[in-house]
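Since the structure comes first, as structure tokens, the remarks are kept for the end.
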Amino acid sequence: MKYKDTIHLPRTEFPMRAKLPQREPETLAFWNDEKIYQRMIQARKGNQDYILHDGPPYSNGHVHIGTALNKVVKDFIIKYKSMDGYFSPYVPGWDNHGLPIENNVLSEFRKKKAEITRLAVRKRCREYAARFVDIQKREFVRLGVLGEWDNPYLTMSLKYESEILRIFARLVSKGYIYRDLRSIYWCPHCETALADAEIEYKEKTSHSIWIRFPLLADPDGVFDADKENAYALVWTTTPWTIPANLALTVKPDFEYYVVDKDGECYLLARALYEQVARELEWDTSRVEIKKRLTGTELANLVFRHPIFDRPAPVLQGVFVTADQGTGVVHTAPGHGEDDFLIGKKHGLEILCPVDKRGCFTDEAGERFAGLHIDKGNDEVLKALIEKDALLKQSSVNHQYPHCWRCHKPVIYRATPQWFLNVDHQGHRQKAIDAVNKVRWVPEESYERIKAAIEGRPDWCLSRQRFWGVGIPAFYCNDCDEAILSAEIAERTADLVERYSADFWFEPDVMKHYDDISCPKCGSKNLRPEQDILDVWFDSSCSSLIVCRNWEGLRWPVELFLEGPDQHRGWFNVSLMTSLGAEDTIPYGTVVTHGWVVDQEGKAMHKSLGNYVTTDEIVDKYGADVLRLWVAAAEYTRDVRVSDEILDRVIDAYRKIRNTLRFLMGNLADFTEADKLATSELGALDRYVLHEAQKLIDNVREGFDNFISHKAFQAIYQFCGVTLSSFYLDVVKDTLYTRGRDSKNRRSVQTVMAEVLDILIRLLAPLASFTAEEAYRVSPFKDKKKSVFLLDFPRANPAFEDRDLAYEFSQLLVVRDEVLKKLEIERSAENLKGSIDARVTLAAKDTSLANLLRKYQSQLAELFIVSQVQLASADEMQDEFGENNLAIEVHKPNGEKCVRCWLWSESVGSHPDHPGLCDKCYEAITYDQT
RNA sequence: GGGCCUAUAGCUCAGUUGGUUAGAGCGCACGCCUGAUAAGCGUGAGGUCGGUAGUUCGACUCUACCUAGGCCCA
């Protein structure tokens, strides 16, 4: 008889090799064909809901790895919540309007030399966006993300576009929207506004002039100098902006000097004094530093414009730098971003005496009016010289913004724009209060969003672009009045819902508004606004629009979850719009994840060659590996990717997979009917069952608190340590060699089946493909269609046994000591396999000695040796070690059983099977009957 | 330049209110097994906690500064 054939070896169809890139698409097809997402949601319909609102990625290009991380984390949460009984539908969305798509489309047009018209470009933008929605959708689905992929939201859909305008109308009716000037990049050659993304920096030679502003008022007497000879010293590279000067800006925490140079006093920053003195060729031995002041102390000074007879008050600004100039900055609110913001903050006029072609207007004064700013530069210099305000004139080479189309230098120019008033009726304070009521994960997020809201300027809603939702305003062709009303916006919304936002740009659009006339002059000769809404406004409306219009959702929602850039972006604007339009906070919890960075923690750039794509990982290793990479990461910090990190993830994946496989392999002959009652289980088995309940608690705690890596690590360690290297190794002998239906073996299998069931469910949100695959081949009866229709495990108090767990923790310490001793013997070549050992053990500690005696019959199995004998201290040759244990290793008694390979004195006592020990004899007899 | 944040073994992560020789798993090295086999098991070697200076009887844990990195703003 071949005894090997009587051994119960594992059998399973669950392959060791995952071949995820090949196998995952089959699982995807299954999920799709069987509508598993819909079933997962429907199964929980009527239960308490948990709504995560998806932040829309931009529909341009392929899915970036950071976006993949974002979607996978969301998927963890949706699946966990669903399995835990919540009704948790997931409606993904895309942000479609905006500059990147428009620019790509425009360059297509230029390449083809096609005529650029608003309507043609918009049509092409729509197609372009739709194409990338499809591409990205496929890529997200490939990651195993379940959701309403057949019914996503698109910001360019007719419904969405019209709802944007309805929300806008609400803000108009509540008085949030106003019109004002704003300083933006402008190309005088192309006569167009430019976005930041359309600027290229190039070397340019500019003027470099040092000028002085005479002191006009010093109410605090800080200057301490004769007004006639006191000046602020100022440097600039753009003389043509001097006519637009309305202020000077200093930095509050800089130190400033008032220096006396030949009887003339100048104000400048201490940090720049040396540099300035060198530049102006001052003999510093003859310059006296009269006063040292902080920027704050300069607050009430007023200087006089160097050319015109008007004041230039001193303002406090943090943007002032100490790398060039004088630390006293020429401020022209119409000609610079900083200038604009600080000007607005202090209520200065946004003076911009330059027209769209780059020529001075009448506002620049008679002398300059009509001149192009290039000529204007020279004229300004002349005027400065006449006023004795120019101290030095030279030139400088520096990086200067140029237009990406005509490559000529651009300017800042103030143009009329539409704004949302952030301080309207205490709106900002309401937002700050709101932020206090939201749960921010991680907690530091709170500081960021608070700072972002406190510091944000009024929201400029208008863009001089093509691809977006037109602002529903008119201009009177007769008196130039701007006309905006909630009623017009509402009517436009209805029209957009019917025709799409493109209709606004049709040549005959005014026919829909023939009853509207100018409220100022009564004219009916109106034209539609051509500016579009900032795309941030589109996305700021998403929670309102989607969660109120999609079946099953509700607003406000429970969760927003995005990257750290959204503190100033989507988290911020969503709050602005929701609070403004509805006086409601859109979210209860906001989770922020980190950025995906490379091995060194550096941002990934295509040019740096450290760029990792989602495709690479999915095609090479499979989506489950990518998912586990996300699961293993502490994702509220930046998350690193590298080959080594992925290698470790793959190792973890294999370990988990093999553990599932071994569990299933040993359950091939186990059915529901073979299950033992908990009270009948062996002590070791009950201990593992107890540990499994702890595992469940840990995993749940991880998911509940957005700490998926805690869940992952708990599962991984349970598989690797509790199961693979301990329990499953120990229990192998029982599984293989005991009678098929023996109580010992069935006890082990009962626990293995329970643990397998738990593991598959715990893994489902994380390694979804593998969990589904395992579930489909698992030996359970009455299976549901999918793992996602199962309930998430909950710790079963009936399986918990703290006293037993304590005893085993003690036994495990002893086990470690025994294993160390065995290793020593192995190194000394006294021993090979542990089953060829007999261990003699003595414990000094009475309670431990008692514990060992209690478990005496199971110690050999626990240590995986042939025999264990307990001895008293004086019987031991060996010293007692740290744990008050003495351990000796000897050759076992009796003979080695040819079937189970363990040594036993019973070998030879069965004439019909002379090579077998009692246990094996019993097993074969048992199995044969 | 400003705001917020991060920095513990090769990797991913733990380290309670400051208090004994800083932990885990993986990887690695060495070895065992060949009845989980492109598997399984054991033992072991690796950090002085980014750096500096403080506070303290005592700091990975507190403070300041610096360095590197991230997001945003400028």
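For A/Arg448 and B/C71, a side-chain-to-base donor-acceptor distance below 3.5 Å is present, hydrogens and geometry of angles not being considered.
When the options A/Arg11, A/His8, A/Gln749 are evaluated for a side-chain hydrogen bond (donor to acceptor under 3.5 Å, both in side chains) with A/Asp669, the one that passes is A/Gln749.
Using atom P as the reference point in both B/U63 and B/C5, the two lie 12 Å apart (nearest Å). To the nearest whole angstrom, the two P atoms, one in B/U61 and one in B/U20, are 14 Å apart. Nucleotides B/A24 and B/A9 are separated by 15 Å at their P atoms, to the nearest Å. Taking the C1' atom of each, B/C26 and B/G44 are spaced 15 Å apart, rounded to whole Å.
Between A/Phe560 and A/Trp570, the angle of the ring planes stays under 30°, which puts this pair in the parallel group of the 30/60° scheme.
Within 4.0 Å of A/Ala652, counting heavy atoms only, lies no atom of the nucleic acid at all. Contacts of A/His567 with the nucleic acid, taken as non-hydrogen atoms under 4.0 Å apart, are absent. A/Glu444 comes within contact range of the sugar-phosphate backbone alone, with a heavy-atom separation under 4.0 Å but no base atom that close. If you check every strand for non-hydrogen atoms under 4.0 Å, A/Asp729 touches sugar and phosphate atoms only. Residue-level contact check: A/Gly833 touches the backbone only, with heavy atoms under 4.0 Å from sugar-phosphate atoms and none from bases. Residue contacts shown for A/Thr737 include a base, since a base heavy atom lies under 4.0 Å away. A/Arg11 comes within 4.0 angstrom of no nucleic acid atom, judged by non-hydrogen atoms across all strands. Within the nucleic acid shown, A/Ala633 comes within 4.0 Å of sugar-phosphate atoms alone, with no base atom in reach, counting heavy atoms only. Here A/Phe662 lies in heavy-atom contact (under 4.0 Å) with a base.
Of all nucleotides present, none satisfies the Watson-Crick or G-U wobble test against B/G35 with each distance under 3.5 Å.
Classification of B/G46 as syn follows from a glycosidic angle within 90° of 0.
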#### Entry: Criterion side chain to side chain contact (heavy atoms under 4.5 Å, CB included) on A/His913 and A/Tyr3, from CA distance to verdict
CA-CA 10 Å; A/His913 291 289; A/Tyr3 289 123; 2.7 Å; yes
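In this structure, CG on A/Leu723 lies 6.5 Å from OG1 on A/Thr659, to the nearest 0.5 angstrom.
Taking a cutoff of 4.0 Å between a charged side-chain nitrogen and a carboxylate oxygen, A/Glu447 and A/Lys450 do not qualify as a salt bridge.
OP1 or OP2 of B/G42 has at least one side-chain nitrogen or oxygen of A/Ser725 nearer than 4.0 Å.
A/Gln713 has its CD atom 17 Å from the P atom of B/G23, to the nearest Å.
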